[in-house]
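Inspection log for the structure reproduced underneath, given as structure tokens.
Chain letters run A, B, ... following the sequence lines, proteins first, then strands; residues in each count from 1.
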Amino acid sequence: MNRPMDDLPERLIESDATTFERRVLGAALRKQPSSAASARMAKALGVTVAAVGTATAASTLAADVAATKATAAVATTSLWPWVSAGVIGLVVAGAVVGTRSGRQTREPHSVPPAVTAPLPPLSPTVAEPTGPVAEAPRAVAPTQRSRAVTTTGDLRDQVAFIDSARTAMSAGSSRRALETLRRYLDRYPVGSFRPEAIALEVEALMKLGREAEARALAQRFVAEHRGSLLARRVADVAGLTAP
Amino acid sequence: MAAPAPRTRPTTAVDRVRLERIFNAHHATVWRALRRRGLSADAAEDATQETFLLAADRLDDIRPESEKAFLIATALRVAHTLGRKTVRWELDEDMDQRLSTNRDASDARADMQLCDLVLSKVDADLVEVFVLYELEGLTSPEIAELLQIPLGSVASRLRRAREQFRSAAARVETSLKKEGES
């Protein structure tokens with residue numbers, strides 16, 4: 001994570017912490033619920049827990065550089081199946097209700113975690129979104145918010161954009177995917193799926209051979225999402241050093 | 001903690017997409033925040049679940065850039081309703097540390113105990129700001145809103161917390177070195 005836009009100093013772990021201080025702070029960041037607990041919570045909420053297996057996956061402040069590099073080293077080099085699996089899977093799925101799991105259903109602590117569900121078939125009902133085409137260079141982060149809240153209708157439209165881009169990507173049309181993603185990013189400068197869209201954009205640019213553009217975008221993305229699973233995957237796709 | 005009664009939540013598919021993204025990004029942070037409030041692992045799990053259920057109800061009101069702050073604030077309110085009003089650092093006996101391959105389990109456990117030890121030496125009214133800023137990555141306005149204190153207080157508490165943290169870390173490190181030499 002970058003230095004926040006406020007008047008506080010840079011975070012210790014990112015600045016002048018001693019080795020021992022980093023060790024202590026890193027240990028604090030490694031505290032996480034068990035994999036089984038994460039799976040239970042996700043199940044109760046009707047969502048799918050991401051395949052997370054490292055100490056830093058859920059942390060926005062990566063403390064253990066070695067662990068991060070090790071994770072990045074085994075990351076896949078393709079983004080879109082990972083980005084789209086949850087989006088499409090949930091769009092085509094039937095109603096899932098958030099029921100809570102009681103302790104009596106608790107699995108033994110050593111049970112392996114649930115992982116991402118298989119990629120379901122594409123939804124035939126996802127319509128190609130329409131919107132103004134804009135090719136002007138953009139900043140990764142929006143400079144201002146265009147609205148205070150996101151409506152459900154907006155989210156449906158956003159999902160349609162992302163699905164459309166993924167469909168284009170899977171069909172080998174990176175250019176069409178790129179156009180779709182840029183329409184999305186222009187229409188929703190603070191959209192809920194902006195990180196996923198930019199991640200896909202990086203991959204599309206790489207596939208189009210526009211590597212310098214892709215790497216520049218990836219560097220800004222990684223700087224803004226340092227420590228996130230998506231940032232590591234973007235770095236991997238763009239051939240950057242792991243964040 | 002007894003399991004709450006099951007309840008259904010008629011979220012739309014797009015809501016679930018966002019909920020899933022938020023859950024995967026922040027549930028460990030929320031769980032950590034609750035554990036630091038003194039909740040047991042089981043209670044923290046229930047409270048984390050409750051936090052995300054509350055978030056699911058208000059997805060449209062949560063600004064994308066404030067998701068983590070919203071979740072932590074909600075989690076702390078949930079903890080408060082459970083009667084946990086003070087920060088209390090606890091050692092985790094059942095925590096899955098999800099160790100990276102280059103770390104030994106006992107080393108990591110020892111590091112976490114050191115972490116608990118050092119942080120326990122920071123004043124209770126300061127450690128919360130320290131944790132929210134240094135570990136959870138919130139901004140000072142977010143912390144000020146969360147704790148209902150002025151921005152200036154956030155900065156001053158952080159400064160004092162850092163001094164105490166660094167002093168405690170240095171003492172512990174020195175102590176460890178002496179033990180190693182003896």
Side-chain angles (χ1 to χ4, degrees), chain A residues 1 4-8 11-13 20-21 23-25 27-35 37-38 40-42 44-50 53-55 58-61 64 66-67 70 86-87 90-91 93 96-100 102-104 109 149-152 155-156 159 190 192 228, chain B residues 3-4 6-9 11-21 23-25 27-29 31-32 35 41-42 44-45 48-49 52-53 56 60-61 64-65 92 94-103 108 111-112 114-115 118-119 133-135 137 139-141 155 158 162 166 169 173:
Chain A
M1 180 177 290
M5 299 297 290
D6 53 37
D7 57 352
L8 295 186
R11 293 187 170 85
L12 260 184
I13 204 165
F20 185 76
E21 288 168 350
R23 181 178 165 192
V24 168
L25 292 169
L29 288 168
R30 277 190 292 277
K31 288 192 173 191
Q32 294 194 58
S34 69
S35 301
S38 293
R40 281 193 300 271
M41 288 187 274
L45 290 164
V47 300
T48 304
V49 65
T54 71
S59 170
T60 55
L61 290 173
D64 190 328
V87 174
L90 288 165
V91 167
V96 178
V97 295
T99 56
R100 305 193 63 175
R103 293 279 78 76
Q104 68 275 17
H109 197 68
V149 298
T150 302
T151 67
T152 301
L155 283 171
R156 284 199 187 91
V159 170
V190 291
S192 297
S228 75
Chain B
R7 65 198 209 205
T8 56
R9 190 166 302 275
T11 55
T12 65
V14 285
D15 285 342
R16 289 197 304 277
V17 169
R18 188 176 179 207
L19 182 62
E20 177 170 270
R21 184 176 62 76
F23 175 82
N24 281 306
H27 82 276
T29 297
W31 183 89
R32 273 200 301 269
R35 291 289 279 134
D42 281 355
E45 183 179 331
T48 300
Q49 206 167 293
F52 280 92
L53 286 170
D60 288 350
D61 299 327
E65 70 272 23
D92 301 298
D94 62 345
M95 184 175 57
D96 177 356
Q97 297 163 41
R98 298 182 182 179
L99 302 172
S100 57
T101 54
N102 64 337
R103 294 186 69 91
D111 282 358
M112 288 181 190
L114 284 177
C115 168
V118 172
L119 288 170
Y133 185 75
E134 300 287 358
L135 300 177
T139 64
S140 57
L158 178 66
R162 273 192 176 187
R166 303 194 86 160
E173 185 178 17

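In this structure, A/Arg40 CZ and B/Thr48 OG1 are separated by 11.5 Å, a value rounded to the nearest 0.5 Å. In this structure, CD on B/Glu20 lies 4.5 Å from OG1 on A/Thr48, to the nearest 0.5 angstrom. The structure places OH of B/Tyr133 at 4.5 Å from CZ of A/Arg11, a figure rounded to the nearest 0.5 Å. To the nearest 0.5 Å, the span separating CG on A/Leu25 from CG on B/Leu119 amounts to 7.5 Å.
Two residues are said to be in side-chain contact when any heavy atoms from C-beta on lie closer than 4.5 Å; A/Val47 and B/Arg21 fail this criterion. At a threshold of 4.5 Å between non-hydrogen side-chain atoms, the residues B/His27 and A/Ser38 count as touching.
In this structure, B/Leu135 and A/Ala28 approach most closely via the heavy-atom pair CD1-CB, 3.6 Å. Shortest non-hydrogen contact noted between A/Leu12 and B/Arg162 is N-NH2, 3.2 Å. B/Gln49 and A/Met41 get closest at one heavy-atom pair: OE1-CA, 3.8 Å.
With sequence neighbours left out, the salt bridge (Lys or Arg N to Asp or Glu O under 4.0 Å) criterion links B/Arg166 to A/Asp16, A/Glu21.
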